[in-house]
Amino acid sequence: MRKLSLVILSFCIIAFCAVPIFAQDVSDMVFIPGGAFVMGNMAGSTDERPPHEVSVDGFFIDRFEVTNSDFAAFLNEKGNRETEGIPWILTESESCRIKEVGGGFEVEPGYEDHPVVMVNFSGAEAFARWAGKRLPTEAEWERAARGGLTDSPHPWGDDLDTTRANYDRKRNGTTPVGIYPPNGYGLFDMAGNVSELVGDWYDASYYRNAPSKNPSGPMEGTTHTLRGGDWASGPDSLTVYGRSEGPPSYRSLPTVGFRCARDAR
């Protein structure tokens, strides 16, 4: 009987340990299958060259960009802490739609479902940890943005379609997440609305010697990589391979937001 009990206990422990991390709630996320794809493009700028094949493991990524409501809930639990003397989110900015009211944080009416802006990299990382997630790598982001398409420059296909993204100041600011059609993976706003912070440090020459398996960017740097273009940027920024240099970790911008990812194991 003692041996049987030990066997049952051992089985339960093994079964519990085998439960993957994505047994947590991933209802707001999409699973992106692992595999190889060509990252970058010769038609892009110098930091988007050379195109090179990379492979990533399967992962989950947020269906939508993190919203003001999402970030306000985080602030009301954790507070607006500082990194290098700068708060995670600049609520004093006119561009920020989250305001501190009576010791708490509230979203301006009508902006609850807009992507949060004026958050610095440290604030984005802190939110991701709080949510049990992380920021996606640049390679993961591009694989997700491609939506299963191979050579198309945009998340939706080959041609620039003005009905599929908020860009070029056409709306003079952010729009609610999810009002434009999703890509082939069911992800919204992978082009336009806000440029998205990823976990990688930025290096203009990184593609020349990036590893081919699960690349995660340079080991150090002074700025972070942005992906996806935003409401103020031109049509050239709407490509799946486009990349730009973001602000230092403690700086924030009215055109920059983020979405989160999670390992699938």
Side-chain angles (χ1 to χ4, degrees), residues 30 32 35-56 59 61-65 115 117 135-171 174-175 177-208 210 212 215-217 223-247 253 255-259 261:
V30 172
I32 308 300
F37 69 101
V38 177
M39 189 173 180
N41 194 293
M42 284 303 294
S45 59
T46 56
D47 66 346
E48 295 156 10
R49 308 173 197 165
H52 55 292
E53 184 174 287
V54 301
S55 62
V56 296
F59 62 98
I61 193 166
D62 286 348
R63 191 179 303 274
F64 305 105
E65 293 160 334
V117 296
L135 295 180
T137 67
E138 187 176 6
E140 288 174 336
W141 191 98
E142 184 166 329
R143 174 140 176 101
R146 289 180 178 273
L149 301 177
T150 302
D151 299 317
S152 297
H154 306 293
W156 53 81
D158 294 335
D159 299 323
L160 181 64
D161 187 341
T162 60
T163 68
R164 288 183 170 269
N166 173 18
Y167 72 102
D168 210 20
R169 299 184 181 272
K170 297 180 185 297
R171 305 293 289 268
T174 60
T175 48
V177 300
I179 69 170
Y180 293 94
N183 72 357
Y185 285 144
L187 302 173
F188 294 84
D189 296 305
M190 296 304 287
N193 214 7
V194 290
S195 297
E196 298 182 16
L197 281 163
V198 294
D200 303 31
W201 290 105
Y202 174 81
D203 180 353
S205 62
Y206 181 64
Y207 282 9
R208 298 174 192 170
S212 61
S216 58
T223 58
H224 293 276
T225 304
L226 295 178
R227 286 305 204 110
D230 55 69
W231 60 266
S233 58
D236 291 345
S237 69
L238 302 183
T239 62
V240 294
Y241 52 80
R243 60 197 302 257
S244 59
E245 182 178 9
L253 292 173
T255 55
V256 174
F258 66 102
R259 75 181 71 216

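Here the structure is a predicted model, which means the values were calculated and not measured.
- Looking only at side-chain heavy atoms (C-beta outward), Tyr207 and Asp47 stay at 4.5 Å or farther from each other.
- For CG of Asp158, the number of neighbouring non-hydrogen atoms (other residues, nucleotides, ligands) closer than 6.0 Å is greater than 12.
- The backbone N or O of Gly242 sits less than 3.5 Å from a side-chain atom of Arg227, completing a donor-acceptor pair.
- At least one side-chain heavy atom of Arg259 sits less than 4.5 Å from a side-chain heavy atom of Asp189.
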Query raised in the report: Does the pair Asn193 and Tyr180 meet the rule for a side chain to side chain donor-acceptor pair (under 3.5 Å), with working shown?
Result: CA-CA 10 Å; Asn193 214 7; Tyr180 293 94; over 6 Å; no
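- Listed by chain and residue number, Ser152 satisfy the side-chain contact (heavy atoms from CB on, under 4.5 Å) test with Leu149 (two or more places apart in sequence, or in another chain).
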Query raised in the report: Hey, mind stepping through Val194 and Phe258 against side-chain contact (heavy atoms from CB on, under 4.5 Å) and telling me if it holds?
Result: CA-CA 8 Å; Val194 290; Phe258 66 102; over 6 Å; no
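- At a threshold of 4.5 Å between non-hydrogen side-chain atoms, the residues Thr223 and Tyr202 count as touching.
- Put simply, the side chain of Asp200 reaches to within 4.5 Å of the side chain of Thr137, judged on heavy atoms.
- Remark: Asp161 pairs with Arg164 by the salt bridge (Lys or Arg N to Asp or Glu O under 4.0 Å) rule, at least two apart or across chains.
- Side-chain atoms of Met190 and Val240, non-hydrogen and from C-beta on, never get closer than 4.5 Å to each other.
- Looking only at side-chain heavy atoms (C-beta outward), Asp230 and Val256 stay at 4.5 Å or farther from each other.
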Requested in this report: With side-chain contact (heavy atoms from CB on, under 4.5 Å) as the test, would you mind laying out the steps for Ile32 and Leu187 before giving the verdict?
Outcome: CA-CA 10 Å; Ile32 308 300; Leu187 302 173; 4.1 Å; yes
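- No side-chain heavy atom of Arg243 sits under 4.5 Å from any side-chain heavy atom of Trp141.
- Inter-residue side-chain proximity for His154 and Leu238 is flagged as met; some heavy-atom pair is nearer than 4.5 Å.
- Residue Gly199 comes nearest to Leu135 through the heavy atom pair N-CB, 3.9 Å, listed as atom of the first residue, atom of the second, then distance.
- By the side chain to side chain donor-acceptor pair (under 3.5 Å) test, Thr239 is found to be paired with no residue, residues two or more places apart in sequence or in another chain being considered.
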